[in-house]
*Asks:* 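Pasting a structure here, questions to come.
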Amino acid sequence: MTTQRGTMEVLAEKAMLLRESLQKSQSNTESMVAILGSFDYRLSALDTAMRPTQVRTRSIRMAHDNINKTLKVAEVILAQFDLCRQAEAKILRGPHEDLESYLEAVDQLKKIGYFFSSYKSLMSREGVLNHINGLLAKAILKLEEEFKLLMSSYSKPVEPDRLFDCLPNSLRPTPAEHSGDIGKINAGASNAENQSKSLENGIYKPPTLIPPRIVPLLHDLAQQMAQAGRHQQCLKIYGDFRASALEQSLRKLGVERLNKDDVQKMQWEVLEAKIGNWIHFMRIAEQCFADVTANSVTTLLSFGEAIAKSKRSPEKLFVLLDMYEIMRELYGEMQTIFEGKACFDMRDSALYLIKRLAQTAQETFGDFEEAVEKDASKTTVLDGTVHPLTSYVLNYVKFLFDYQTTLNLLFKEFDTGNESDSQLAVLTTRIMQALQTNLDGKSKQYKDQALTSLFLMNNIHYMVRSVRRFEAKDILGEDWVQRHRRIVQQHANQYKRVAWAKILQTLTFQGAPSGGGSGVGGNDSGGTSGVSRATVKDRFKSFNVQFEELHQRQSQWTVPDQELRESLRLAVGEVLVPAYRSFLKRFGPMIESGKNPVKYIRYTPEDLDRMLGEFFEGKVWNEPKR
């Protein structure tokens, strides 16, 4: 007992100590909460006090960033102004002292102009651009004057000695002739044949007319003038100075402009020498002209030849015809310009290109015909409308007829004894036949034979209508048009038979139509004897189901030509509506006298006529019925 009492006292003391400890802890917690609450209040107050300062600091930072950005932009703009002032100083000094530096200044001004054109927000932009454009206008005029000055300085006549040094030895005058009458330089040549051989076999060394260091400067000046829209002035300046230099050079050789009176006054010996001189110079001039132009003409013709030899495709036909047309048009002038033996190769190359273009164009015709016939495109027109191939081919043929004159010339390149018009007719007929062959193959993709006939009707009708709209009718002839119109009608009739024969059978008994003169069994002109009400109900139900299926399916089909569409609807309606009206008149009373007649007689003849008006409109599958 004593031991138990001692234990209880110990526990009581510990419990008391624990209670006191808890009370102190609670007191400490409450004190801490109060302190923290005080801190929270003070922090909140401090935050409130600091917020304006933070806002101002943020604003100052943003302003500082904006100032930095503005300064950077200003630095760029000011740098452009500095460059502009430097370029302006060079422009005002003129190009004569340092042409290369002057050209650099012009290019720099253009770049500065592009720079300020992009700064639409700059207030002084318009004024700056006007100033730059004014400087550029002055610069171009000064460049034009410099171009004239350079052309004048380096367009001096060439002395005869320099020209003679450029000729082959066999064509140079003898020392006696050299020091004597220039008009006699031809005397050393034995005859015209020897001279001609010397021209062909000789090696020429053209004189240097303009120093090599000047040529790039002239090029840059000409380029600046052309970019400024003054290319005509550039051509005139160049042509005037070079023509003058050539004329003076020829005059020094004894070639001068004479009229008939001048010739009459000359002594025969002098005139004979001048004639020999003229023949000699004409041969040399022709050879020089051929040498100068050969590379340029060859480059032009080689491009055409590369096109003619490249891989053929239908799309290239019309550019080939354009190229052929321009070559035929210019060939007469080329024969005149490049006349003479020295230019034979150029004339021959031009004629070869004409024939090569014609050959490639003719081969492209054959390729196109074959491509049309064998077109295996997977495009299927679900609604039976005009196929993309049909419209493509007819547009192609239409463009061909825009080139009818060119084609007639082309066909003459390959003379087959036929008139060119008939050759065009044969070509067009073959293309049309190739298209029909391909369409026949495409029509077999349809499981519904009625849609097959509709597809062929649409496409051949499109061919006929297109041919009648442009000149193909005059080439193919009225017989072709009428023959294909009959084909259109045949396909339309085939469509009606295939699509409507079954539903029309529901409106007949024993092979006699409901509107016919004989009744059921052949002895009832208007009655219903021998036909049970159940049979009539079945006929009405069958008609309803078939017509609704036809309406749903064929309202999604398309006949794009309005006239043909209305004609086809009318043709169907002229058969279907009277037959239904007669059937309804004969057998309708049997159904109307029974129960629920609307279950069987769903449509009036007027309903059928209205619903036929929705056929061939290309209605979308999920679109509600109209």
Side-chain angles (χ1 to χ4, degrees), residues 301-329 349-381 386-445 456 459-460 462-464 466-467 470-477 480 484:
L301 296 179
S302 65
F303 174 80
E305 188 175 340
I307 297 296
K309 290 181 176 179
S310 62
K311 184 179 180 181
R312 299 190 302 269
S313 67
E315 292 74 19
K316 284 185 183 177
L317 176 61
F318 301 107
V319 295
L320 288 169
L321 293 176
D322 286 334
M323 294 171 72
Y324 173 80
E325 183 178 0
I326 193 64
M327 286 301 300
R328 281 296 300 254
E329 180 184 327
S349 295
L351 183 60
Y352 170 78
L353 177 57
I354 290 173
K355 293 188 176 298
R356 191 72 179 83
L357 289 168
Q359 180 184 349
T360 304
Q362 190 177 52
E363 290 170 352
T364 304
F365 287 138
D367 293 345
F368 181 67
E369 178 187 343
E370 183 178 358
V372 170
E373 185 170 353
K374 296 182 178 180
D375 175 75
S377 60
K378 300 300 182 182
T379 304
T380 302
V381 286
V386 176
H387 197 278
L389 177 66
T390 305
S391 56
Y392 171 73
V393 171
L394 268 297
N395 283 334
Y396 198 91
V397 172
K398 179 182 182 298
F399 282 126
L400 276 181
F401 278 82
D402 291 340
Y403 286 86
Q404 190 168 342
T405 303
T406 305
L407 286 169
N408 289 336
L409 291 172
L410 186 146
F411 290 136
K412 289 177 182 177
E413 299 284 348
F414 308 94
D415 187 10
T416 59
N418 297 325
E419 293 293 328
S420 56
D421 283 349
S422 66
Q423 286 183 270
L424 183 57
V426 169
L427 171 67
T428 309
T429 301
R430 288 207 310 261
I431 291 174
M432 293 296 197
Q433 185 57 52
L435 176 59
Q436 282 183 251
T437 301
N438 189 283
L439 291 172
D440 285 339
K442 284 181 168 45
S443 70
K444 294 178 172 60
Q445 297 174 358
L456 291 171
N459 282 269
I460 296 177
Y462 183 87
M463 292 169 62
V464 173
S466 298
V467 165
F470 54 87
E471 294 181 11
K473 176 186 175 184
D474 300 330
I475 296 296
L476 294 176
W480 187 95
H484 284 77

*Asks:* So L439 and M463, do their side chains get closer than 4.5 Å, heavy atoms only?
*Replies:* yes
*Asks:* In the structure I gave you, are the side-chain heavy atoms of H484 and Q436 within less than 4.5 Å of one another anywhere?
*Replies:* yes
*Asks:* Output all residues satisfying ring pair (Phe, Tyr, Trp, His ring centres under 6.0 Å) with Y324, sequence neighbours left out; order by chain, then residue number.
*Replies:* none
*Asks:* Answer yes or no: are there more than 12 heavy-atom neighbours, outside K316 itself, under 6.0 Å from its atom NZ?
*Replies:* yes
*Asks:* Considering only heavy atoms from C-beta outward, does the side chain of M327 approach that of L301 to under 4.5 Å?
*Replies:* yes
*Asks:* Measuring only between side-chain heavy atoms, which start at C-beta, is Y403 closer than 4.5 Å to D322?
*Replies:* yes
*Asks:* Can you tell me how far the OG atom of S391 sits from the NZ atom of K398, to the nearest 0.5 Å?
*Replies:* 13.5 Å
*Asks:* Within the structure provided, determine whether K442 and S377 are in side-chain contact (heavy-atom separation under 4.5 Å).
*Replies:* yes
*Asks:* Shortest non-hydrogen contact from V381 to V386?
*Replies:* CG1-O, 4.2 Å
*Asks:* Is any side-chain heavy atom of Y462 closer than 4.5 Å to a side-chain heavy atom of H387?
*Replies:* no
*Asks:* Do you know which two heavy atoms are closest between R312 and D367, and how far apart they sit?
*Replies:* NE-OD2, 2.5 Å
*Asks:* Drop me the distance from L400's CG to L394's CG, to the nearest 0.5 angstrom.
*Replies:* 11.0 Å
*Asks:* Heavy atoms, side chains only, cut-off 4.5 Å: are Q433 and T437 in contact?
*Replies:* yes
*Asks:* With T360 as reference, evaluate E363, R356, Q362 under the side-chain hydrogen bond (donor to acceptor under 3.5 Å, both in side chains) test and give the passing residue.
*Replies:* R356
*Asks:* Can you name the closest pair of heavy atoms from G304 and L353 and give their distance?
*Replies:* C-CD1, 3.4 Å
*Asks:* Hey, what's the ring geometry for Y396 with F368, parallel, tilted or perpendicular (30° and 60° as the breaks)?
*Replies:* parallel
*Asks:* Check the pair D402, F318 against side chain to side chain contact (heavy atoms under 4.5 Å, CB included), reporting the backbone distance first and the verdict last.
*Replies:* CA-CA 10 Å; D402 291 340; F318 301 107; over 6 Å; no
*Asks:* Atom CG in N438, atom CG in D375: separation rounded to 0.5 Å?
*Replies:* 5.0 Å
*Asks:* Please round to the nearest 0.5 Å and tell me the distance separating atom CG of N459 and atom CG of L435.
*Replies:* 7.5 Å
*Asks:* For L321 and A361, work out which heavy atoms get closest and say how close.
*Replies:* CD2-CB, 4.3 Å
*Asks:* For the NZ atom of K374 and the CD atom of E369, what is their distance to the nearest 0.5 Å?
*Replies:* 10.5 Å
*Asks:* Should N408 and Q404 be marked as a side chain to side chain contact (heavy atoms under 4.5 Å, CB included) after you check the CA-CA gap, both sets of side-chain angles, and the distance that decides it?
*Replies:* CA-CA 6 Å; N408 289 336; Q404 190 168 342; 4.1 Å; yes
*Asks:* Nearest 0.5 Å please: distance from the CD atom of E413 over to the CZ atom of R328.
*Replies:* 5.0 Å
*Asks:* Could you report the tightest heavy-atom contact between P314 and T364, atom names first, then the distance?
*Replies:* CA-CG2, 4.1 Å
*Asks:* Side-chain contact test, heavy atoms from C-beta onward, threshold under 4.5 Å: evaluate it for I431 versus F365 and give yes or no.
*Replies:* no
*Asks:* Is there a side chain to side chain contact (heavy atoms under 4.5 Å, CB included) between Y392 and V372? Walk through the geometry before answering.
*Replies:* CA-CA 10 Å; Y392 171 73; V372 170; 5.8 Å; no
